[in-house]
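One structure is given here, and the rest of the page talks about it.
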Protein chains: 2
Amino acid sequence: MSSATLNADTLAQKLADSGLRATPQREVVYNVLIKKRDHPTADEVFARVKSELPTISLATVYNCLETLVQCDLVRAVNFERGPTRYCPNLRPHAHFHDEQTGKTHDIDLPPTLLETVHSVLPRGFDASSVEIIFRGKATKSAH
Amino acid sequence: MSSATLNADTLAQKLADSGLRATPQREVVYNVLIKKRDHPTADEVFARVKSELPTISLATVYNCLETLVQCDLVRAVNFERGPTRYCPNLRPHAHFHDEQTGKTHDIDLPPTLLETVHSVLPRGFDASSVEIIFRGKATKSAH
DNA sequence: TTCATAGTTTGGAATAGTTCTAATTATCAC
DNA sequence: GTGATAATTAGAACTATTCCAAACTATGAA
């Protein structure tokens, strides 16, 4: 089973779990995110999807992205004024925002870190998720 | 020396350090942030400032906020689509975003936590700052 | 004090990103 | 296939922010 098929199955499955349909638009949007994991904006996704579905509309791209976020297949990321970016990495990870290039890198997190971070919450705060964002510069060695 | 005077001096000083002037607009905008630390949007700041400076313009509020951020007197916070929020808390802290009420709480961080978090960065990533955002619900006990 | 200069404020226009709306099209269950 | 429901589409509308040019203000030099 190819990786594309696997993705499609995962997608169809997860959508079905939420009572939603696996449409060509949703599949192509999802595949675009999987294929190049550079945290694209909706506009960038739109541009990439168009080569496969030339008649898709920007509104549909927004709809699809929103749907994928709802199904927990994709994370929406906002760390500054400016467009929302989309990330198909579901493992626990932080984001490193390179201030020179504007690029965003995923930083995998050791399993204990999120626990450690959660443990600083005082009584009365019940967090369902935590997000960690670094800002700085990445040297060439950090690809 | 009153706290307001102290703030004004701090402000004037920090602005001067950057070669900028301490104008009434900047002072009022800053005092509004200090007075009610509920992470207001630019529009909310605008509304609050108007009662003291009725002729101030929204553009000036944006300018002042930007200036205060540049001088490290205020932090701009973005954790979701929607307007930037402003926070005059300069101590190291995380933000807890209550999904029920929409309110944002500051969570003070133990001194070691930021180090611990930084330590997960692989070689080649040099972070100048890190931001931590929790999402969840806060019970009434968490004021 | 007066002037020149640079810094600041202002209102409105312009822009960017996103959401909304109403009409059309596709899909699923029967 | 038919009807009900879901999804897509184009464009209008909207929100947040930035840009712009003009007016205003503070500051330092003469």
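Numbered from 1 within each chain, the chains take letters A, B, ... in sequence-line order.
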Every protein N/O lying under 3.5 Å from an N/O of nucleotides 12-17 of chain D:
from, atom 1, to, atom 2, distance (Å)
D/dT17, OP1, B/T84, N, 2.7
D/dT17, OP1, B/T84, OG1, 3.0
D/dT17, OP2, B/Y62, OH, 2.6
D/dT17, O5', B/Y62, OH, 3.4

Taking only nitrogen or oxygen atoms into account, show me every contact under 3.5 Å that the protein makes with nucleotides 27-30 of chain C, one pair per line with its distance.
none

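Exactly one of A/D106, A/N89, A/T84 qualifies for a side chain to side chain donor-acceptor pair (under 3.5 Å) with A/H39. That residue is A/D106.
Note on B/D38 versus B/R48: salt bridge recorded, some NZ/NE/NH1/NH2 to OD/OE distance being below 4.0 Å. Here A/D98 does not pair with A/K103 in a salt bridge; the nearest charged N to carboxylate O distance is not below 4.0 Å. With salt bridges taken as basic N to acidic carboxylate O contacts below 4.0 Å, one links A/R91 and A/D108.
A/L121 is not listed as a side-chain neighbour of A/D126, based on a closest heavy-atom distance of 4.5 Å or more.
With a 6.0 Å radius and a threshold of 12 heavy atoms from other residues, nucleotides or ligands, A/E52 has its CD atom at or below the threshold.
You'll find that the side chain of A/N63 is closest to D/dT9, out of C/dT9, C/dG11, D/dT9. The listed nucleotides are D/dT8, C/dT9, C/dT10; the one nearest the side chain of B/C64 is C/dT9.
We find the CG-CD1 distance between A/L113 and A/I132 to be 5.0 Å, quoted to the nearest 0.5 Å.
With the end axes of the helix from C/dT1-D/dA30 to C/dC30-D/dG1 each set by five pairs, the angle from one to the other reads 30° at 10° resolution.
Closest non-hydrogen pair, B/C87 versus B/V77, comes out as CB-CG2, 4.0 Å. A/F79 and A/T104 make their closest contact through CZ-OG1, 3.3 Å (heavy atoms, listed as atom of the first residue, atom of the second, distance).
Between A/Q25 and C/dA26, a side-chain N or O to OP1/OP2 separation shorter than 4.0 Å is absent. The phosphate of C/dT10 has OP1 or OP2 within less than 4.0 Å of a side-chain N or O from B/T60.
Spacing between atom CD of A/Q70 and atom P of D/dA6 amounts to 16 Å, rounded to whole angstrom units. What separates CZ of B/F46 from C1' of C/dT10 is a distance of 11 Å, to the nearest Å.
With hydrogens and angles ignored, the 3.5 Å screen pairs a side-chain donor or acceptor of B/R26 with a backbone N or O of B/R21.
Residues A/L20 and A/L11 share a hydrophobic cluster, clusters being chains of Ile/Leu/Val/Met/Phe/Trp/Tyr side chains in contact below 4.5 Å.
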